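Fair warning: this is a prediction, and the values are worked out from it, not measured in the lab.
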Amino acid sequence: MALTKEDEERVREIAQTVYENQKGSRTTPEVRKFNQDIENWLRDSFPNDSDRQGRNSNRSGLYAVLRTILDLSNIQNLRDGQIPEARQIFDEYKRLFSD
């Protein structure tokens with residue numbers, strides 16, 4: 001059974017809509033806020049461009065701790081239900097590196 005031109009066009013529209021919906025943000029507002037809090041702390045702790053290595057090292061270290069404790073294969077897999085524990089870990093991490 002062959003598709004009509006209208007059917008083909010409709011299939012293309014549906015495929016495009018599905019693609020556009022999937023390529024959007026994979027995180028929730030709560031996760032994005034948590035990530036922004038991390039970036040703000042890093043920017044405040046290492047304000048100069050010459051501090052970029054310190055910023056990157058601390059981000060990598062924090063992400064490694066979060067991935068290990070929360071059993072994440074990638075920090076992008078963080079979900080809303082994990083945010084309270086992630087925030088406790090982050091607060092402890094900040095405390096350790098602020099002393």
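- For Asn74, there are no side-chain hydrogen bond (donor to acceptor under 3.5 Å, both in side chains) partners at least two apart in sequence or on another chain.
- Checked against side-chain hydrogen bond (donor to acceptor under 3.5 Å, both in side chains), Glu39 has the following partners two or more places apart in sequence or in another chain: Arg59.
- One distance of note links CD of Glu30 with CG of Leu78; it measures 9.0 Å at 0.5 Å rounding.
- Minimum heavy-atom separation, Ala64 to Thr68: O-OG1, 2.8 Å.
- With hydrogens and angles disregarded, no donor-acceptor distance shorter than 3.5 Å links the side chain of Glu85 to the backbone of Gln82.
- Within the model, atoms NZ of Lys94 and CG of Leu96 stand 12.0 Å from one another, a figure rounded to the nearest 0.5 Å.
- The CG atom of Asn56 sits 8.5 Å away from atom CG of Leu42, with the distance rounded to the nearest 0.5 Å.
- Within the model, atoms CZ of Arg43 and CD1 of Ile38 stand 12.0 Å from one another, a figure rounded to the nearest 0.5 Å.
- For Gln53, there are no side-chain hydrogen bond (donor to acceptor under 3.5 Å, both in side chains) partners two or more places apart in sequence or in a different chain.
- With sequence neighbours excluded, the residues that form a ring-ring contact (aromatic ring centres under 6.0 Å, His included) with Phe90 are Phe34, Trp41.
- Proximity of a side-chain donor or acceptor of Tyr93 to a complementary backbone N or O of Asn58 within less than 3.5 Å is detected.
- Rounded to the nearest 0.5 Å, atoms OG (Ser57) and CG (Leu62) are 12.5 Å apart.
- Salt bridge Glu92/Arg95: present, at least one basic N to carboxylate O contact under 4.0 Å.
- Scanning for side-chain hydrogen bond (donor to acceptor under 3.5 Å, both in side chains) contacts around Arg87 gives Asp37, with sequence neighbours left out.
- Among all heavy-atom pairs drawn from Leu72 and Asn77, the shortest one is CD2-O, 3.9 Å.
- The minimum heavy-atom distance linking Ile69 with Ile89 is given by the pair CG2-CD1, 3.6 Å.
- Among residues two or more places apart in sequence or in another chain, the side-chain contact (heavy atoms from CB on, under 4.5 Å) test is passed with Asp71 by none.
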